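All residue numbers in this chain count up from 1 along the given sequence. Computed from a predicted structure; not experimentally measured.
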Amino acid sequence: MKRRILLQGTTALMVLSALPAFAQDDIRAVAREAYIYTYPMVKNYLTMYQYALDPGGSQYKGPLNTLVSIARVYTPEDTAIITPNSDTPYSFIVFDLRAEPVVVTMPPIEKDRYYSLQLIDLYTNNVDYPGTRVDGNGGGDFLITGPGWKGDVPKGIKRVIEMPTTLALGIIRTQLFSPDDLEKVKQIQARYKAAVLSAYAGAPAPAAPPSIDWLLISDELMVTDYELAPERPGHAPPLS
């Protein structure tokens, strides 16, 4: 997500020297607020890009709308998320909800084990938590839709959850009690499923959404093209 696209308004700072002092202060304040507002979205897009849009990257999990489980304890080598847990092996899915919703299946599990599907929109808001926190451990099929979706809900769906953005992130945590418990976690993870609605319902697939030339982003570009941008002459001031 390139800074020049997200922060087009800050280009006005290039003419600061020709403006009165009060106008310079106003523009700097607006640019600073824009930088703060967009930072979580850019950082979140970086995570989604690494997980689903960069097959050659070290953090890649799988294609869009595909649920992939990682049956191990996380280590410092897992850098796409800043502070992953060490006692909840993860499953991941990056949603592209433009064409149709996605159904995520959570299996029933024992009552004393925690599991949840954290649903995060592009703005980094936590939208919902199917699983222990909201629904208990009885499992179910959850229909994840994009904003404003109005289609028919098939039988068997436990809940419909509308995401505010068409690009979204799902993270499933499965509680690990001890090293000897990892095999049980693997068995649970193997029962997590995700399918686009048409496949789930056995219906014709809708037209594919327009192809997207996803904006290139990396840890390095995040620093050089975004985090350091305010420190350059003619750009927004640093946050400190």
Side-chain angles (χ1 to χ4, degrees), residues 1-2 5-6 37-55 57 59-70 78-85 88 90-106 115-135 140-151 153-154 157-174 189 192-201 205-217 222:
M1 224 169 257
K2 295 181 180 178
I5 295 174
L6 288 172
Y37 178 79
T38 57
Y39 185 89
M41 286 181 278
V42 177
K43 191 69 174 179
N44 199 22
Y45 176 72
L46 170 63
T47 297
M48 295 181 187
Y49 187 92
Q50 290 178 328
Y51 279 175
L53 299 170
D54 184 18
Q59 305 301 314
Y60 182 73
K61 309 303 181 207
L64 292 166
N65 295 334
T66 302
L67 198 153
V68 178
S69 294
I70 310 297
D78 300 291
T79 58
I81 290 180
I82 297 172
T83 55
N85 298 334
T88 58
Y90 289 91
S91 305
F92 300 93
I93 179 170
V94 178
F95 297 99
D96 178 1
L97 301 170
R98 292 175 298 151
E100 59 178 321
V102 174
V103 178
V104 176
T105 299
M106 304 281 285
Y115 74 159
S116 69
L117 166 60
Q118 181 184 11
L119 293 169
I120 310 163
D121 69 11
L122 185 59
Y123 298 103
T124 72
N125 297 313
N126 293 319
V127 177
D128 210 321
Y129 279 91
T132 304
R133 297 177 63 166
V134 178
D135 308 282
D141 294 341
F142 299 87
L143 184 65
I144 316 302
T145 82
W149 181 79
K150 301 297 184 183
V153 178
I157 295 298
K158 186 167 189 174
R159 282 202 294 126
V160 178
I161 302 168
E162 180 178 317
M163 300 300 292
T165 57
T166 55
L167 189 64
L169 177 63
I171 302 175
I172 299 179
R173 294 171 175 83
T174 308
Q189 287 182 326
Y192 295 135
K193 306 295 181 184
V196 294
L197 178 57
S198 58
Y200 175 87
S211 61
I212 292 180
D213 184 13
W214 298 101
L215 293 173
L216 176 64
I217 190 170
M222 183 74 189

(request) Check whether any side-chain heavy atom of Leu53 lies under 4.5 Å from a side-chain heavy atom of Met48, and answer yes or no. (result) no

(request) Could you check whether the rings of Phe92 and Tyr90 sit parallel, tilted or perpendicular, using 30° and 60° as the cut-offs? (result) parallel

(message) To the closest 0.5 Å, what do you measure between OG1 (Thr124) and CG (Leu169)?
(response) 11.0 Å

(request) Search all heavy atoms of Glu100 against all heavy atoms of Pro206 and return the closest pair with its distance. (result) OE2-CD, 3.4 Å

(message) For the NZ atom of Lys61 and the CD1 atom of Ile171, what is their distance to the nearest 0.5 Å?
(response) 10.0 Å

(request) Write down the atom of Gln189, the atom of Thr174, and the distance for their closest heavy-atom approach. (result) CG-OG1, 4.2 Å

(request) Determine the minimum heavy-atom distance between Glu162 and Gly146, stating which atoms define it. (result) CG-O, 3.5 Å

(request) Could you tell me whether the side chain of Ile157 reaches within less than 4.5 Å of the side chain of Tyr200, counting heavy atoms only? (result) yes

(request) Return yes if some donor-acceptor pair links the side-chain N/O of Thr165 with the main-chain N/O of Leu122 below 3.5 Å, else return no. (result) yes

(request) Ignoring hydrogens and angles, tell me if any N or O in the side chain of Tyr45 forms a donor-acceptor pair with the backbone of Leu215 under 3.5 Å. (result) yes

(request) Search all heavy atoms of Ser91 against all heavy atoms of Tyr192 and return the closest pair with its distance. (result) OG-CD1, 3.6 Å

(message) Please give me the minimum heavy-atom distance between Ile93 and Asn65, naming the atom from each residue.
(response) CD1-C, 3.8 Å

(message) As a quick check of understanding, evaluate side chain to side chain contact (heavy atoms under 4.5 Å, CB included) for Tyr51 and Val68, giving each step before the final call.
(response) CA-CA 10 Å; Tyr51 279 175; Val68 178; over 6 Å; no

(message) Quick test of your reading of the model: are Asp135 and Arg159 salt-bridged, counting only N-O distances below 4.0 Å?
(response) yes

(request) For the residue pair Ile212 and Asp96, establish whether any side-chain heavy-atom pair is separated by less than 4.5 Å. (result) no

(request) Mind checking the CG-CG spacing from Asp121 to Asp128? Nearest 0.5 Å is all I need. (result) 12.0 Å

(message) Can you confirm whether Tyr115 sits close enough to Met106 that some side-chain heavy atom of one is under 4.5 Å from a side-chain heavy atom of the other?
(response) yes

(message) So Ser69 and Ile172, do their side chains get closer than 4.5 Å, heavy atoms only?
(response) no

(message) For Tyr123 and Asn44: C-alpha separation, side-chain torsions, deciding distance, then whether side chain to side chain contact (heavy atoms under 4.5 Å, CB included) applies.
(response) CA-CA 8 Å; Tyr123 298 103; Asn44 199 22; over 6 Å; no

(message) Measuring only between side-chain heavy atoms, which start at C-beta, is Pro164 closer than 4.5 Å to Asn125?
(response) no

(request) Taking the side chain as every heavy atom from C-beta outward, state whether Phe142 and Leu117 have any atom pair closer than 4.5 Å. (result) no

(message) Can you confirm whether Thr145 sits close enough to Leu97 that some side-chain heavy atom of one is under 4.5 Å from a side-chain heavy atom of the other?
(response) no

(message) Using every non-hydrogen atom in the two residues, find where Arg173 and Gln118 come nearest and quote the distance to one decimal.
(response) NH1-OE1, 2.6 Å

